[in-house]
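Notes follow once the structure below has been shown.
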Amino acid sequence: MPENKRTASGALGGIVGLVGLSAVAGLLVTAAVTPAIAVSGAAASSAITVFDNMPSYLKPDELMQPTTLMAGDRVLAKFYDQNRSPVTFDQVSPVMYDAILSSEDPRYYQHGGVDLIGTTRALLSNATNPDGDTQGGSSISQQYVKNVLVQRCERDAKAVEATETTAAVSRDEALQKCALEAVQANGAAGYQRKLQEMRYAIQLEKEYTKDQILLGYLNIANFGGTTYGIDAAARYYFDTPAANLSVGQAAVLAGMVQNPNRFRIDRPEGSISDGETSYNKAPDGSIDDVDQSTVQALYTLRDNGEITQEQLVNAADGYSATKGRQLYVLSRMETDGKITHEQYVAAAVEPITPKITPTSQGCASSAAPYYCQYVVSTILNDPAFGTDTDDRVRALRQDGLTIQTTLDWRVQDAAQNAMNAYTPSSIDGMKFGSTVVNLESKTGRILAIAQNTKFTQDPGQAESDPSYNSVIFAGDSTNGGSIGFNAGSTFKLFTLVDWLQTGHSLNETLNGRIGPVPNMTNSCTGNYVNKNNDRINNFGNDSGYVGTPMMFTRDSLNTGYLQMAAQLDLCDIAKTAKKLGVTRGDGSDITMQYANNVIGSDNVSPIAMAGAYATVANGGTLCQPKVIDKVTDSSGAERAIPERTCSAALTPEVSATAAYALQGVMARGGTGARGNPGDGTPVLGKTGTHEEWQTWMIESSTNTTTAAWVGNYEGGVNVFKKFWGGRALSDIRYPLAADVQRASDDFYGGDRFPDPSSNLLRTQMRDLPNVVGQSISDATSTLQNAGFRVSVGDPVDSPSGPDTVAAQNPGAGSAPAGSQITLSPGNGQGATVPNVGGQTVPAAQAALNAAGFTNVSIGACQPEGNAPNEGQVTATNPAAGTATNKSAAIALSIVAKKCS
């Protein structure tokens, strides 16, 4: 165990060292610059001044640490330039301190930051032999200083774009330059670097205790590749914490710091060597081509009878360079009395047996890779993590942040399971894609993102294999690299909302029959005028009907929505989309210059559309979608998170009424009924299709919202005519959205939606014209133009034929707008009963016979003294003016002097 206190000689060394080194520095700097010239007093004095004027204070920066993305209590992913897990002094095995001190700085607790003996010897050797191998001689304090400076350089390293006078420099090249400069030992620059390390080291020991510096060194040192710090090294190479390292393991790691990438033991072929230290077993078990100097210690143990030849072979088998270095460390520990000879032999004969335990990083290894990458994209684009890209990269890879995401594994797992069940990762002959996103309506917290493709960040792999992709289909060009997808009829939400915002009712009646697209107003970019008499069809070539916005929404009728838009301002509809958080996928505003924009020709992101529908479900309050709940630094202090707000976007009356219309979509008979989770939780929703290339299903309870998209991420293959798993690709959206919504309903529930505004449901009364006697076609046009729906009933008795309206129900007057009027054609077999009241019975019979009625009889007779002898008619049954069949019985009511 290292000493806890600096010795008196060590404290004195700090004082004497500074004075002594100033003098030594003068000689060495001069020797380095002019080694063949006699050193003059003036030159030495000048060099001493240079040393004394060097910066003396170096404050160690915060260690680079991995940034961890968390989802609940599970790690979503890690990111790092340096994989490190800093530990306290007591969390390191004492034998590790002994190993590092014995091999690197045995006089550590006796000197004042610089080992004058070792340093002077190394510097003089290097000065007198500039072309030979250089010697180190750095104390632990100096090595700590070097590592601090390297880390500082790496933190500040930036990629540099090419200019007219300089070549482009990648960030990796900048990092390599830091490392090279830190170990530069040749020439004047090398000596100046070494002297500056000394200057810093001496001052460092005045500011910190020996134990603090020693621990700082072990926490910052590189142990090969991206493994930094003793605890990360112990866990990576031996699957054990630093506190549990054995003698042999500690010696391996202590030996590694001299040349980490040479002595690392995580490669199948063994540690890197210069070709002279590999072991090759001969058939008889002996060792051929062995570097005798490297493993002489093993031969000595064998020759002394302390180990067998077999043990020698096993101990030296593999990782040869590292084994030689380990033996050196063990020998130094034995010499210093830190281990016994028996411990030395036991560790020496034990083969190096790594238990490599990698710490994976990046989203490719995450259980939710596309969600993970969306978080990464947020970090790299949001000013909360830095003012520029380099700052944000450092935050992600160096700052040791713990970022708590909004992901809910329960919903995420359900989303990915549904994706796996219903969608393939690719389909021959098309660029097939699918995504589903679920968010919390009342907060905007994104709970899940799943995608059908496998995540990769290799563009070449994505290009050669369509089952891989780096683009986040749920996102946009800023966060995810996607430009979105044509929204189809899900975009009708914004026309519906604007319709209600302008005071229109869901029960107003419009002629939604197929016909030329109406001209439309756009006060921002100029009106749309249908100069070519163009038409926009309905899905399935539906001819349309006269109906209400409530009906048009349920049936997703394009022609009905075009008529609605014609009564609005397209500019206002575009502003409504922006107000609900929706722009084009490339970030530009939607302008709606054309009629087809009304039915969703713009590219939008699924996350943005989910947020818009969540706003309606949330009583009109828009909560911007978010993926980060909390950020803490390595000390546990909270840091700012990306700003996301909740604000009122719609009035409660408008949102409740829009929700009412959208619930009809999910009810029986609505286009979204197949996507209803059917779990008893009230849901609203909307389907969408664009040119048979893209399909959508968006649905929401009051608490969670799901958006599912299935289609072409490039190209235009008809998804209604391609099948997978016995289901048309166009139908995948329904079970995909239903499964995810059902899962979120299970965990988050949902309430009854508020009642719609009665004012926005008001029924309009309109004049109902009399169309009896008109042809059926003319009568139908007359009524439809008046805002009524028309049906043709069964023929009725009438002299007119089947092409003429013989009756209408209800009759002329007034009726609710949009109500249905039934037209009854004539059958040609009817006649109108003439008015024969007051006529004598013979005269009445003659008149009825003349009108075509042949079945005439006396029905009732009332005696009256003044009546004519032949009787007088008072009424008929059916009554006069009634149209009835000519064969119908006509009964006469009469008065007569005598009734027989």
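Scope of the values below: all heavy atoms of this structure, side chains included, with no hydrogens, waters or symmetry mates. Remember, it's a predicted structure, so these values are computed and weren't measured experimentally.
In terms of modelled atom types and a separation under 3.5 Å, the side chain of Thr406 and the main chain of Ile446 share a donor-acceptor contact. No donor-acceptor distance shorter than 3.5 angstrom exists from the side chain of Glu638 to the backbone of Lys630, with no hydrogens or angles considered. Within the 3.5 Å criterion, the main-chain N or O of Ile140 finds a donor-acceptor partner in the side chain of Asp105. Looking only at distances, a side-chain donor or acceptor of Gln404 sits under 3.5 Å from a matching main-chain atom of Gly72. Between the side chain of Tyr97 and the backbone N or O of Leu214 there is no donor-acceptor pair closer than 3.5 Å. Formation of a donor-acceptor pair under 3.5 Å by the Asn244 side chain with backbone atoms of Thr240 is not found in this model.
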- Message: Set out, in order, the CA-CA distance, both residues' side-chain angles and the distance that settles side chain to side chain contact (heavy atoms under 4.5 Å, CB included) for Tyr80 and Thr359, then state yes or no.
- Response: CA-CA 10 Å; Tyr80 53 79; Thr359 301; 4.1 Å; yes
- Message: Set out, in order, the CA-CA distance, both residues' side-chain angles and the distance that settles side chain to side chain contact (heavy atoms under 4.5 Å, CB included) for Leu401 and Ile379, then state yes or no.
- Response: CA-CA 11 Å; Leu401 304 178; Ile379 294 169; over 6 Å; no
- Derivation of the side chain to side chain contact (heavy atoms under 4.5 Å, CB included) call for Gln398 and Gln151: CA-CA 10 Å; Gln398 299 178 358; Gln151 179 177 259; over 6 Å; no
- Task: Apply side chain to side chain donor-acceptor pair (under 3.5 Å) to the pair Thr387 and Asp391, showing each step before the final yes or no.
- Result: CA-CA 6 Å; Thr387 56; Asp391 286 342; 3.1 Å; yes
- Item | Stepwise side chain to side chain donor-acceptor pair (under 3.5 Å) test for Glu207 and Gln212 | CA-CA 10 Å; Glu207 305 290 335; Gln212 287 175 322; over 6 Å; no
- Task: Test side chain to side chain contact (heavy atoms under 4.5 Å, CB included) on Leu58 and Arg152 and set out the steps.
- Result: CA-CA 11 Å; Leu58 175 69; Arg152 180 171 296 176; 3.5 Å; yes
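When side chains are defined from C-beta on, Gln373 does not count as touching Ser366, because their heavy atoms never get closer than 4.5 Å. Counting heavy atoms from C-beta outward, Tyr108 and Ile213 have side chains that approach closer than 4.5 Å. Counting heavy atoms from C-beta on, the side chains of Ile628 and Val631 come closer than 4.5 Å. You'll find the side chain of Asp98 stays beyond 4.5 Å of the side chain of Asp336, heavy atoms only. Counting only heavy atoms from C-beta outward, the side chains of Arg235 and Pro241 approach each other to under 4.5 Å. Here the side chains of Phe79 and Leu69 are in contact, with some heavy-atom distance below 4.5 Å. By the 4.5 Å heavy-atom criterion applied to side chains, Leu63 and Asn219 are counted as neighbours. Looking only at side-chain heavy atoms (C-beta outward), Thr322 and Val252 come within less than 4.5 Å of each other.
Salt-bridge annotation for Asp399 and Arg394: absent, with no side-chain N of the basic residue lying under 4.0 Å from a carboxylate O of the acidic one. Arg639 has no carboxylate O lying under 4.0 Å from a charged side-chain N of Asp633, or vice versa, which leaves the two without a salt bridge.
Between the side chains of Lys338 and Ser102, not a single donor N or O lies within less than 3.5 Å of an accepting N or O. Side-chain contact annotation: Asp231 with Tyr236, donor-acceptor N/O pair under 3.5 Å absent. Counted by atom type alone, Lys323 and Gln326 present one or more donor-acceptor pairs between their side chains at under 3.5 Å. Side-chain contact annotation: Glu104 with Gln143, donor-acceptor N/O pair under 3.5 Å present. Using modelled atom types and a 3.5 Å distance limit, the side chains of Thr88 and Gln91 yield a donor-acceptor pair. Side-chain polar atoms of Glu205 and Ser141 form a donor-acceptor pair below 3.5 angstrom.
Arg644 contributes atom CZ, which lies 14.0 Å from atom CZ of Arg445 (distance to the nearest 0.5 angstrom).
Among residues at least two apart or in separate chains, ring-ring contact (aromatic ring centres under 6.0 Å, His included) pairs with a member in residues 365-412 are Tyr370-Phe455.
Taking the centre and axis of the six-membered ring of Tyr237, the NZ or CZ atom of Lys355 falls outside the cone set by 45° and 6.0 Å.
Nearest approach of Ser377 to Asn381, heavy atoms of both residues: O-ND2, 2.7 Å. Residues Ala384 and Pro642 share a closest heavy-atom pair of CB-N, 3.8 Å.
Take Phe223 and apply the ring-ring contact (aromatic ring centres under 6.0 Å, His included) test, not counting sequence neighbours, and it matches no residue. Arg410 meets the salt bridge (Lys or Arg N to Asp or Glu O under 4.0 Å) test with Asp408; sequence neighbours excluded.
Heavy-atom neighbours of Glu62 CD from other residues, nucleotides or ligands within 6.0 Å: at or below the threshold of 12.
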